[in-house]
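So the structure is just underneath, and the comments pick up after that.
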Amino acid sequence: MRGDTKQETILSGRDRLTPIELKKINHKKVYDYIYETKLTSKVAISKALELSLPTVTQHLSDFIDAGLVEKRGEYESTGGRKPQIIRCNALARISIGVEILKESVQIAALDLYGTVLKEDELALRFSNTEPYYQQLGNWINAFTHALNYPTENILGVCITIQGLVSSDGETITFSEILHCTGAKRETYQRHIELPCHLIHDTEAAALAEIWYNSGIENAVYLALNRNFGGVLILNNHILRGRELSGGIIEHMCLSPDGPTCYCGKQGCIETYCSADSLKNAAHMELPEFFERVHGGDPRCNKLWRNYLRHLAIAVDNIRMIADVDFILGGFLIQFMNEADIELLTKYVKEQCAFETPDFAFHISRTGSKSAKLGAAITLVEQFLASV
Ligand SMILES: [Zn+2]
């Protein structure tokens with residue numbers, strides 16, 4: 001068995017790895033293995049990764065000293081000494097996700113496995129003004145203090161914005177919804193004690209779907225929120241374009257003569273498929289609207305079917321580029337029953353020029369929490385990649 005203490009360089013394919021490089025790779029392999037298996041033992045790690053026991057012991061000792069891995073109890077003996085149970089310390093780091101909406105703010109603290117430790121909500125109307133940022137910062141700081149957790153082990157605060165964020169994360173490049181185009185990360189940071197980051201809300205929500213549903217590889221995530229959103233996920237990663245962030249499917253045109261969108265164009269998906277467009281057409285709040293839909297009200301049913309037909313056209317358009325899995329998430333999902341999903345699925349199949357009998361939607365696993373959870377997960381992922 002190969003140890004990593006040898007001084008000579010090791011051949012791996014055509015690349016030569018120095019002992020330091022090899023140690024670094026094995027270090028990460030050991031942590032990843034413990035993280036993935038959740039409960040393991042020194043012998044199991046050694047066998048699975050084909051590393052010598054002294055090598056595994058050294059890496060484990062480093063992780064235990066750093067508080068990243070812990071020994072918890074013993075396995076039953078199969079003869080000889082009982083093997084110790086090794087596992088990751090899920091609380092070694094904590095990440096904070098914040099979702100900013102027009103009328104409120106939501107916050108959640110997650111451990112390294114994405115488990116929610118604490119969450120809260122504040123009714124705070126967004127305004128691109130200093131008093132707002134001050135109040136927001138005070139609330140976030142109070143939330144993190146109340147965790148009673150060492151500040152140096154909190155990975156930071158990731159904030160979702162209903163808008164696009166520049167690739168360097170410093171500027172909000174487009175946010176007509178919050179009317180804060182041009183706002184800077186620094187403005188948020190001034191009032192938040194921990195390092196803060198900004199992310200497009202739909203991207204964050206899609207990241208949560210990938211995280212909590214390991215079966216997803218290639219998919220389009222559609223957020224049926226008050227404002228529509230959608231991103232393309234390829235090989236478990238969000239496809240980030242050049243200047244338009246992680247996709248802005250909501251501004252794909254369904255009809256050039258359609259209603260005017262907040263982006264300035266006409267007939268965008270947003271104007272037909274956002275929850276706000278449905279609410280405006282219905283002239284009532286959506287809980288009441290869906291009560292009427294499911295109660296058989298003819299006018300509301302007609303509006304709902306019209307909504308679903310437009311959504312089906314949008315899905316079909318996207319499928320012509322990427323026939324992948326489709327995940328439905330966002331605000332409207334809570335009101336939709338199985339029959340609604342079936343009807344939408346039927347419309348999508350009818351809209352398609354080709355026979356696709358197996359087409360089916362996936363439904364979001366994180367519901368209305370997806371954006372704030374996804375925001376926190378971005379920092380967890382960065383941390384796990386850096387171990
Ligand atoms: Zn638009």
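Since this is a predicted model, take the numbers as computed values, not measurements.
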Has Arg365 got its NZ or CZ under 6.0 Å from the middle of the six-membered ring of Tyr212, at an angle within 45 degrees of the ring axis?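 Pair Arg365/Tyr212 does not count as cation-pi.
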
Establish, yes or no, whether the cationic atom of Lys279 lies under 6.0 Å from the six-membered ring centre of Phe289 and within 45° of the ring axis.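 Negative - Lys279 is either too far from the ring of Phe289 or too far off its axis.
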
Anything under 30° is parallel, anything over 60° is perpendicular, the rest tilted; go ahead and classify Phe290 against His294.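 Correct class here is tilted.
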
Counting N and O atoms only, with roles assigned by atom type, does the side chain of [X] sit under 3.5 Å from a partner on the main chain of [Y], one being a donor and the other an acceptor?
| X | Y | result |
| --- | --- | --- |
| Asn337 | Ala339 | yes |
| Glu381 | Trp211 | no |
| Asn225 | Phe228 | no |
| Thr187 | Lys184 | yes |
| Asp32 | Lys29 | no |
| Gln266 | Gly258 | yes |
| Gln382 | Ala385 | no |
| Glu193 | Asn141 | no |

Do [X] and [Y] have side-chain atoms, one donor and one acceptor, less than 3.5 Å apart?
| X | Y | result |
| --- | --- | --- |
| Tyr272 | Asn306 | no |
| Asp120 | Gln106 | no |
| His191 | Glu130 | yes |
| Thr171 | Thr173 | no |
| Ser370 | Glu209 | no |
| Ser255 | Asp257 | no |

Chi angles and distances behind the side-chain contact (heavy atoms from CB on, under 4.5 Å) call for His362, Leu328: CA-CA 6 Å; His362 297 268; Leu328 292 177; over 6 Å; no

Less than 4.5 Å apart, side chain to side chain, heavy atoms only: is that true for [X] and [Y]?
| X | Y | value |
| --- | --- | --- |
| Thr271 | Ser277 | no |
| Ile249 | Val220 | yes |
| Asn317 | Leu254 | yes |
| Leu117 | Ile94 | yes |
| Tyr31 | His27 | no |
| Val105 | Leu136 | yes |
| Val98 | Phe143 | no |
| Ile233 | Glu217 | no |

Aromatic contact between [X] and [Y], with the criterion being ring centroids under 6.0 Å apart: yes or no?
| X | Y | value |
| --- | --- | --- |
| His251 | Tyr262 | yes |
| Phe126 | His179 | no |
| Tyr113 | Tyr35 | yes |

Heavy atoms of other groups near [X] [atom1], more than 12 under 6.0 Å:
| X | atom1 | answer |
| --- | --- | --- |
| His145 | NE2 | yes |
| Arg185 | CZ | yes |
| Arg125 | CZ | no |
| Glu350 | CD | yes |

Starting at CD1 of Ile86, measure out to CD1 of Ile64 and round the result to the nearest 0.5 Å.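 One finds 5.5 Å between CD1 of Ile86 and CD1 of Ile64.
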
Distance from Glu99 atom CD to Ile159 atom CD1, nearest 0.5 Å?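 Interatomic distance, Glu99 CD to Ile159 CD1, rounded to 0.5 Å: 12.0 Å.
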
Is the shortest side-chain N to carboxylate O distance from [X] to [Y] below 4.0 Å?
| X | Y | answer |
| --- | --- | --- |
| Lys349 | Glu355 | no |
| Glu288 | Arg292 | yes |
| Arg87 | Glu70 | yes |
| Arg16 | Glu21 | no |
| Glu119 | Lys369 | yes |

Trace of the side-chain contact (heavy atoms from CB on, under 4.5 Å) decision for Ile172 with Thr181: CA-CA 6 Å; Ile172 296 169; Thr181 299; 5.6 Å; no

Test applied, side-chain contact (heavy atoms from CB on, under 4.5 Å); reference residue, Leu51; option that passes from Val30, Thr57, Ile45: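 The single option meeting the side-chain contact (heavy atoms from CB on, under 4.5 Å) with Leu51 is Val30.
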
I'd like to know whether Ile25 forms a side-chain contact (heavy atoms from CB on, under 4.5 Å) with Leu17, so could you lay out the CA-CA distance, the side-chain angles of the two residues, the decisive distance to 0.1 Å, and finally the verdict. CA-CA 10 Å; Ile25 289 169; Leu17 293 174; 3.9 Å; yes

With side-chain contact (heavy atoms from CB on, under 4.5 Å) as the criterion, how do Asn128 and Tyr133 come out once you've worked through the C-alpha distance, each side chain's angles and the decisive distance to 0.1 Å? CA-CA 8 Å; Asn128 189 15; Tyr133 293 115; 2.6 Å; yes

